[in-house]
Amino acid sequence: MSKPSIPQGTRDFSADVVRKRNYILSTIKNVFELYGFQPLETPAMENLNTLMGKYGEEGDRLIFKIINNGINDPKNIDKAKAGFEKVLEGKSSTDLTERALKYDLTIPFARYVAMNHAQLTFPFKRYQIQPVWRADRPQKGRYREFTQCDADVVGSTSLLNEVELANIYHEVFTRLGITNYELRINSRKILTALSELCGGADKLTDITIAIDKLDKIGIEKVKEELQQRNLNADQITIIEKYLNITGTNEEKLTKARSLFGNIETGAKGIAELEYVFHQAKNIKLQIDFTLARGLNYYTGIIFEAKAPAEVQIGSIGGGGRYDDLTSLFDVPGIPGVGISFGVDRIYDVMEELKLFPENLQVSTKALFFNMGETESLFAFGIMQQLRSKGIACELYHEFTKIGKQFTYAEKKNIPYAIIIGSKEMEEKNCMVKTLATGEQKVFAIDQLHEAIMNK
RNA sequence: GUAGUCGUAGCUCAGUUGGUUAGAGCAUCAGAUUGUGAUUCUGAGGGUCGGGGGUUCGAGCCCCCUCGAUUACCCCA
């Protein structure tokens, strides 16, 4: 047996980390519920053809595929070999892999809606908090297994949904104490209008991929990339003009109107931004024309939440409107909009800014010392009484040196030691010691519960 | 998938131009100490130097391959 290990990019979470993660997750969940979203869980694995082709070429490569069982069965062996040949050519084959781990929560959700649309009440608001898997190369803040928290509304085109989702971001970050977050919005329609100005809608993907990198690589490199993506000098000039739009949100909208106002999609996009921006005045939305987001199914407003600039962690959430996600599964006409929180990155932000509350690390309240065979059996009975009254406690597992039992209590952050030796048994009392101060006091056993409660 | 850096005890790390039996601190365990945590003292255990191959009289150190961690790119949360 070699050294035990876990797969690349996965993690074990110890108690203190789990508690901190749960704090984030339950905060998000509570806010989702407050806004009327219902929980949904979908399987860890989906049929491969549910996922393939939904995330672009790069996405397909990053899907974890699960090899079929029984491929060594003689009656399957020819199929398996043919499947393997296809895989070697870089294609996927259901003869070899029929299932895959889910890559995000949005596509499985779309699949669920497509399967159940006849039963669902629209607008359907669901939230989903589950792990997803990507065969990406791990690095800082990026893992192969990580948790996504999504909330989506489908079956409604109302921009009030966007306003509500923006408020959810605000509420969650405020509750977590991340007050300096940035929430940026843009409209995919504006980017579509830009691509129309630059010769055609087929340029949209090239443009979005390039300008998405602006804050990372700078305007010159973006221009180089646009050039490599076969845009000519005039088109690049238009894009540069677009990217150079600055000022307050109102000023940006005015300037954008002069660029795209006479293009239908452009005007629509500007109107969308204007609406959301005005209805969500209470939170500090920032219109950011350089925001593009990679995923191609977005069609309207897009969001990106960024961590406070001082921590250099970048995006901690994103989302947007998609007009017709379920048509991928042959159920057209169900529009939707959704957002997502990046729990792992939020964790890093909170760790760095020391935002976790102190009292998260609750543990056993009291440790009964083991003072011998009969004493420990007696203590066990007392302990069960305390437990039945809701006090978390434990009994040291064996009779050993007192010092060792103290050390155990100290390491587990147990605040109180309860000592019942032969003397205490006889006198029907017990010694309660507060470890932090070293104070100790004798209580009658039937007063023990109150004594602990009052501490 | 591409490239850089790093892998020595449970943890953090020393280890000289390649040279005897690979070290330290912390942690662990035992004793001094069978009803009070600290400190101190004494002792012990713990390593195929990530793995494999090569060069050499001799490799923790040099070379190749491989695995893992990490960082950047691509892409993304």
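All chains are named by letter (A, B, ...) in the order of the sequence lines, taking the proteins before the strands, and each is independently numbered beginning at 1.
- The aromatic ring centroids of A/Tyr127 and A/Phe32 lie less than 6.0 Å from each other.
- For A/Asp344, the salt bridge (charged side-chain N to carboxylate O under 4.0 Å, His left out) partners are A/Arg11, A/Arg21, not counting sequence neighbours.
- For A/Phe146 and B/A77, the ring-to-base geometry satisfies the stacking test (centroid distance below 5.5 Å, interplanar angle below 30°).
- Among the atoms of the strands shown, none is found under 4.0 Å from any heavy atom of A/Gly314.
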* Structure fact -> For nucleotides 38-45 of chain B, 5' to 3', base contacts (B), sugar-phosphate-only contacts (S) and non-contacts (-) with protein non-hydrogen atoms under 4.0 Å give --------
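- A/Phe341 comes within 4.0 angstrom of nothing in the nucleic acid, heavy atoms only.
- Set against B/A77, B/U36, B/C29, the side chain of A/Lys404 has B/C29 as its closest nucleotide.
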Using residues 403-414 of chain A as the side-chain source, report each donor-acceptor pair under 3.5 Å to any protein atom, sequence neighbours left out, with the distance given to one decimal.
{"unit_1": "A/Gln405", "atom_1": "OE1", "unit_2": "A/Asn370", "atom_2": "N", "d": "2.7"}
{"unit_1": "A/Gln405", "atom_1": "NE2", "unit_2": "A/Asn370", "atom_2": "O", "d": "2.9"}
{"unit_1": "A/Gln405", "atom_1": "NE2", "unit_2": "A/Thr400", "atom_2": "O", "d": "3.2"}
{"unit_1": "A/Thr407", "atom_1": "OG1", "unit_2": "A/Gly403", "atom_2": "O", "d": "2.8"}
{"unit_1": "A/Tyr408", "atom_1": "OH", "unit_2": "A/Glu394", "atom_2": "OE1", "d": "3.0"}
{"unit_1": "A/Lys412", "atom_1": "NZ", "unit_2": "A/Glu394", "atom_2": "OE2", "d": "2.9"}

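- Residue A/Glu424 is classed as a base contact, given a heavy-atom separation below 4.0 Å to a base.
- In this model, the phosphate group of B/U36 is not approached by any side-chain N or O of A/Gln405 to a distance below 4.0 Å at OP1 or OP2.
- Between A/Lys411 and B/U28 there is a side-chain N or O to OP1 or OP2 distance below 4.0 Å.
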* Asked: Pairs counted as Watson-Crick or G-U wobble with both distances under 3.5 Å: what dot-bracket string results for RNA chain B, using | for bases tied to another strand?
  -> (((((((..((((.....[...)))).(((((.......))))).....(((((..]....))))))))))))....
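- Shown here are the salt bridge (charged side-chain N to carboxylate O under 4.0 Å, His left out) partners of A/Glu225, two or more places apart in sequence or in another chain: A/Lys213, A/Arg229.
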Exercise answer: donor-acceptor pairs, residues 168-185 of chain A side-chain atoms, under 3.5 Å, sequence neighbours excluded:
{"unit_1": "A/Tyr169", "atom_1": "OH", "unit_2": "A/Gly318", "atom_2": "N", "d": "3.0"}
{"unit_1": "A/Tyr169", "atom_1": "OH", "unit_2": "A/Gly318", "atom_2": "O", "d": "3.2"}
{"unit_1": "A/Tyr169", "atom_1": "OH", "unit_2": "A/Ser340", "atom_2": "O", "d": "3.2"}
{"unit_1": "A/His170", "atom_1": "ND1", "unit_2": "A/Tyr181", "atom_2": "OH", "d": "2.8"}
{"unit_1": "A/Glu171", "atom_1": "OE2", "unit_2": "A/Arg175", "atom_2": "NE", "d": "2.9"}
{"unit_1": "A/Glu171", "atom_1": "OE2", "unit_2": "A/Arg175", "atom_2": "NH2", "d": "3.4"}
{"unit_1": "A/Thr174", "atom_1": "OG1", "unit_2": "A/His170", "atom_2": "O", "d": "2.6"}
{"unit_1": "A/Glu182", "atom_1": "OE1", "unit_2": "A/Arg184", "atom_2": "NE", "d": "3.1"}
{"unit_1": "A/Glu182", "atom_1": "OE1", "unit_2": "A/Arg184", "atom_2": "NH2", "d": "2.5"}
{"unit_1": "A/Arg184", "atom_1": "NH1", "unit_2": "A/Asp288", "atom_2": "OD2", "d": "2.9"}

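- Closest to the side chain of A/Phe406, out of B/C76, B/U28, B/G37, is B/G37.
- Near RNA chain B, defined here as any heavy-atom distance below 4.0 Å, there are no residues from residues 348-356 of chain A.
- Of the candidate nucleotides B/C75, B/G37, B/A30, B/G37 has the atom nearest to the side chain of A/Leu435.
- Remark: A/Glu272 engages A/Lys189 in a salt bridge (charged side-chain N to carboxylate O under 4.0 Å, His left out) (not counting sequence neighbours).
- Proximity of A/Gln139 to the phosphate of B/U71: no side-chain N or O atom is located under 4.0 Å from OP1 or OP2.
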Validation: residues 13-20 of chain A side-chain donor-acceptor distances under 3.5 Å, sequence neighbours left out:
{"unit_1": "A/Ser14", "atom_1": "OG", "unit_2": "A/Asp16", "atom_2": "OD1", "d": "3.0"}
{"unit_1": "A/Arg19", "atom_1": "NH1", "unit_2": "A/Val362", "atom_2": "O", "d": "3.4"}
{"unit_1": "A/Lys20", "atom_1": "NZ", "unit_2": "A/Glu351", "atom_2": "OE1", "d": "3.4"}
{"unit_1": "A/Lys20", "atom_1": "NZ", "unit_2": "A/Glu351", "atom_2": "OE2", "d": "3.2"}

Would you tabulate the side-chain donor-acceptor contacts of residues 422-431 of chain A under 3.5 Å, counting partners in other chains and residues two or more places apart, or write 'none'?
{"unit_1": "A/Glu424", "atom_1": "OE1", "unit_2": "A/Gly421", "atom_2": "N", "d": "2.9"}

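- Every residue meeting the salt bridge (charged side-chain N to carboxylate O under 4.0 Å, His left out) condition with A/Arg321, not counting sequence neighbours, appears here in chain and number order: A/Glu162.
- A/Thr434 comes within contact range of at least one nucleobase, with a heavy-atom separation under 4.0 Å.
- With sequence neighbours left out, A/Phe368 forms a ring-ring contact (aromatic ring centres under 6.0 Å, His included) with no residue at all.
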